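From a predicted model like this one, the values you see are computed outputs, not experimental measurements. In each ligand, atom 1 is the first atom listed, and ligand 1 is the first ligand listed.
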Amino acid sequence: MKKYLCLSNRLKAIANLVKGDIVADIGCDHAYLSIFLAINKCSYVYATDVRKKPLERAKQNIKNYGVEDKIKLILTDGLRNVPEEVDTVIMSGMGGKLMERIVFEQDWLKNKNKQLILQPQTFLMELRQNLYLNGYEIELEHPVVESDKTYCIISARYSGCVKNISLRDAVLGKVRNSNSQYLSEYLKRKYKKCNKILSGLRMSGLDKQRIKKYEQICDILSEWK
Ligand SMILES: C[S@@+](CC[C@H](N)C(=O)[O-])C[C@H]1O[C@@H](n2cnc3c(N)ncnc32)[C@H](O)[C@@H]1O
């Protein structure tokens with residue numbers, strides 16, 4: 001039986017943010033994060049995926065690490081059929097819009113004792129805005145740079161306070177307060193990427209509103225040129 005599991009920097013950073021004991025790992029895929037948490041940190045993990053294939057792989061991995069008694073696999077969409085005893089919900093490597101749908105359809109997450117750990121692949125700005133518009137508060141963010149990719153991990157929970165955040169807060173979130181070793185590299189890469197998008201938009205010249213928005217975003221990030 002395997003005992004030592006080495007996670008990627010991204011998954012390690014997610015595991016480090018977990019404060020609770022009963023976790024739901026939504027879109028678990030291979031279930032490496034679930035296995036790591038079951039071995040090192042948490043008493044029980046509900047690992048879900050909407051597809052059968054990843055769950056079959058996950059089942060084999062869980063067996064290889066001998067943690068069958070600490071992880072329950074569920075074939076489901078998002079948090080449907082996941083018990084409300086869960087105190088930490090993790091969603092990583094999925095689109096931001098999908099995460100919003102999964103979070104906002106569950107009223108039991110409107111509870112300050114439930115931690116959300118979200119690492120969206122897309123729509124990061126919009127996810128920040130919509131968390132606040134739905135009464136969730138971002139407590140911290142942790143940027144990670146791995147090979148040629150940047151990731152931002154959000155820890156949030158329900159506060160009941162609905163806020164319309166500024167574009168600056170949507171762009172930067174709480175990343176600047178992070179003690180991550182990747183902070184400055186992350187922001188530099190964000191600026192570069194934004195500038196590239198802006199150049200493309202200017203070349204096509206079609207979407208004036210989008211060009212204006214990206215000029216504002218680049219201006220906010222220009223501190224990290
Ligand atoms: C790119 S993988 C990410 C795996 C892992 N969470 C990670 O961060 O490495 C995304 C996984 O989410 C699953 N998924 C997509 N939509 C889902 C949904 N609505 N509910 C549950 N899982 C979903 C996919 O089947 C896939 O296995």
Side-chain angles (χ1 to χ4, degrees), residues 2 4-20 22-42 44-65 67 70-109 114-124 126-128 130-131 134 140-156 175 180 182 186:
K2 295 186 189 179
Y4 187 69
L5 176 57
C6 188
L7 293 180
S8 64
N9 291 341
R10 174 181 66 92
L11 290 180
K12 227 183 288 169
I14 292 172
N16 281 339
L17 291 182
V18 173
K19 296 198 184 111
I22 305 177
V23 173
D25 178 12
I26 308 301
C28 66
D29 199 357
H30 35 67
Y32 286 134
L33 179 60
S34 298
I35 295 167
F36 181 88
L37 292 172
I39 293 174
N40 297 292
K41 218 167 167 172
C42 303
Y44 205 75
V45 182
Y46 293 94
T48 87
D49 208 287
V50 79
R51 291 184 302 131
K52 267 190 191 157
K53 261 268 151 58
L55 281 188
E56 281 162 17
R57 220 170 26 229
K59 191 174 177 187
Q60 188 56 49
N61 290 335
I62 290 165
K63 195 168 167 222
N64 291 345
Y65 283 90
V67 281
K70 293 187 77 179
I71 302 177
K72 181 173 176 159
L73 289 171
I74 309 176
L75 177 66
T76 192
D77 177 0
L79 279 158
R80 294 175 192 172
N81 305 313
V82 173
E84 296 180 18
E85 64 164 345
V86 158
D87 56 32
T88 310
V89 172
I90 301 173
M91 278 187 263
S92 64
M94 292 154 67
K97 289 284 156 207
L98 176 61
M99 290 183 179
E100 284 178 19
R101 196 264 288 158
I102 291 172
V103 170
F104 301 149
E105 75 180 5
Q106 299 296 338
D107 273 352
W108 59 271
L109 290 179
K114 311 277 186 195
Q115 183 190 13
L116 301 180
I117 300 179
L118 310 172
Q119 180 265 301
Q121 295 295 95
T122 53
F123 294 104
L124 172 61
E126 292 79 358
L127 179 63
R128 288 185 180 120
N130 290 325
L131 281 169
N134 283 274
L140 65 91
E141 297 191 41
H142 189 91
V144 173
V145 177
E146 193 159 55
S147 15
D148 61 341
K149 297 208 170 72
T150 56
Y151 304 101
C152 181
I153 307 161
I154 292 175
S155 173
V175 161
S180 165
Y182 305 106
Y186 173 90

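For ligand 1, the polar-atom distance check finds an N/O of S92 within less than 3.5 Å of one of the ligand's N/O atoms. For ligand 1, the polar-atom distance check finds an N/O of D77 within less than 3.5 Å of one of the ligand's N/O atoms. The shortest N or O to N or O distance between T48 and ligand 1 is not under 3.5 Å. The distance criterion of under 3.5 Å between nitrogen or oxygen atoms is not met by I26 with respect to ligand 1. By the 3.5 Å distance cut-off applied to N or O atoms, G27 is counted among the residues near ligand 1.
Under 4.0 Å from ligand 1, not a single heavy atom of L33 appears. Contact annotation: for M91 versus ligand 1, there are no heavy atoms closer than 4.0 Å. In Q121, neither the side chain nor the backbone holds a heavy atom less than 4.0 Å from any atom of ligand 1.
With a 6.0 Å radius and a threshold of 12 heavy atoms from other residues, nucleotides or ligands, Y32 has its OH atom at or below the threshold.
In this structure E126 satisfies the side-chain hydrogen bond (donor to acceptor under 3.5 Å, both in side chains) test with no other residue, sequence neighbours excluded. When the side-chain hydrogen bond (donor to acceptor under 3.5 Å, both in side chains) test is applied to E84, no partner is found at least two apart in sequence or on another chain.
In plain terms, the two heavy atoms of I35 and I62 that are nearest each other are CD1-N, 3.7 Å.
Summarising the geometry, atom NE2 belonging to H142 is positioned 7.0 Å from atom CG belonging to L17; distances are rounded to the nearest 0.5 Å.
With salt bridges taken as basic N to acidic carboxylate O contacts below 4.0 Å, one links D77 and R101.
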